[in-house]
Amino acid sequence: MNDNTTPIATLFERAEDYTKTSIKLLKLNAVDKSAEIVSSLFSILVVSMTVVLSIIIISIGVALWLGKLLGDAFYGFFIIGAFYLLVAIFLRIFREQWLKYPVSNSIIKQMMKQKAL
């Protein structure tokens, strides 16, 4: 600033600087929250994929074991298939309480979480 500026001009300069800084801060906060949410979702995805693969392998083993007990392998696969059909029906019926609301609430909590300064 030079000495010839009026107090009004100085005030406008500071207001402009404040606005620019506020906009930068909002952008940085948005990037921070986005990165936090994406990293959380990615870690959940990795864990979920590991669990799904484990369940598939265990299901095949249980189906073969049940098939051996019942005399033919396809009986075990029918039983395991019926079990998963039952699970799918329950998930469909209770998807709002068990899936939608917990995921939505988790994302909202992450977005609203305040960082300590």
Side-chain angles (χ1 to χ4, degrees):
M1 285 193 275
N2 88 42
D3 293 332
N4 295 340
T5 59
T6 64
I8 297 293
T10 305
L11 180 65
F12 280 124
E13 263 183 52
R14 288 185 179 167
E16 183 180 355
D17 289 343
Y18 175 77
T19 303
K20 287 179 182 178
T21 304
S22 295
I23 290 172
K24 285 181 184 178
L25 181 62
L26 285 172
K27 287 179 183 178
L28 289 173
N29 283 336
V31 167
D32 181 51
K33 292 295 180 186
S34 299
E36 188 176 329
I37 290 171
V38 168
S39 65
S40 294
L41 291 176
F42 180 74
S43 65
I44 289 171
L45 179 68
V46 169
V47 170
S48 298
M49 287 177 60
T50 304
V51 169
V52 166
L53 286 174
S54 299
I55 289 173
I56 289 171
I57 292 170
I58 291 170
S59 296
I60 291 171
V62 171
L64 290 172
W65 177 70
L66 284 174
K68 186 175 182 180
L69 289 177
L70 297 174
D72 218 338
F74 66 88
Y75 291 140
F77 282 98
F78 282 144
I79 291 171
I80 296 299
F83 169 74
Y84 284 124
L85 178 63
L86 188 62
V87 169
I89 290 170
F90 276 111
L91 285 175
R92 173 76 171 121
I93 291 170
F94 297 108
R95 73 183 179 277
E96 299 286 323
Q97 296 131 317
W98 293 352
L99 300 173
K100 183 180 178 184
Y101 295 136
V103 171
S104 295
N105 289 339
S106 173
I107 291 172
I108 290 169
K109 281 180 188 175
Q110 285 182 353
M111 290 182 80
M112 300 305 287
K113 188 175 8 175
Q114 295 289 326
K115 296 257 183 195
L117 295 178

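Side chains included, hydrogens not; waters and symmetry mates left out as well; all remaining heavy atoms used. Since the structure is predicted, the reported quantities are computational estimates derived from the model, not experimental observations.
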Are [X] and [Y] connected in the hydrophobic side-chain network, where two residues link if heavy atoms are under 4.5 Å apart?
X	Y	result
Val62	Leu70	yes
Phe42	Ile37	no
Leu91	Ile93	yes
Ile8	Tyr18	no
Ile55	Val87	yes

More than 12 heavy atoms from other groups under 6.0 Å of CH2 on Trp65: no
Supply the atom-to-atom distance [X] [atom1] to [Y] [atom2], rounded to the nearest 0.5 angstrom.
X	Y	atom1	atom2	result
Leu41	Ser106	CG	OG	7.5 Å
Asp72	Phe78	CG	CZ	9.5 Å
Tyr84	Ile56	OH	CD1	8.0 Å
Leu85	Phe90	CG	CZ	11.0 Å
Ile80	Tyr75	CD1	OH	16.0 Å
Arg92	Ile89	CZ	CD1	11.0 Å

Polar side-chain atom of Asn105 near backbone of Tyr101 as donor-acceptor pair, under 3.5 Å: yes
Is [Y] close to [X] at the side-chain level, that is, under 4.5 Å between some pair of heavy atoms?
X	Y	value
Lys68	Leu64	no
Lys27	Val31	no
Thr6	Thr10	no
Val103	Leu99	no

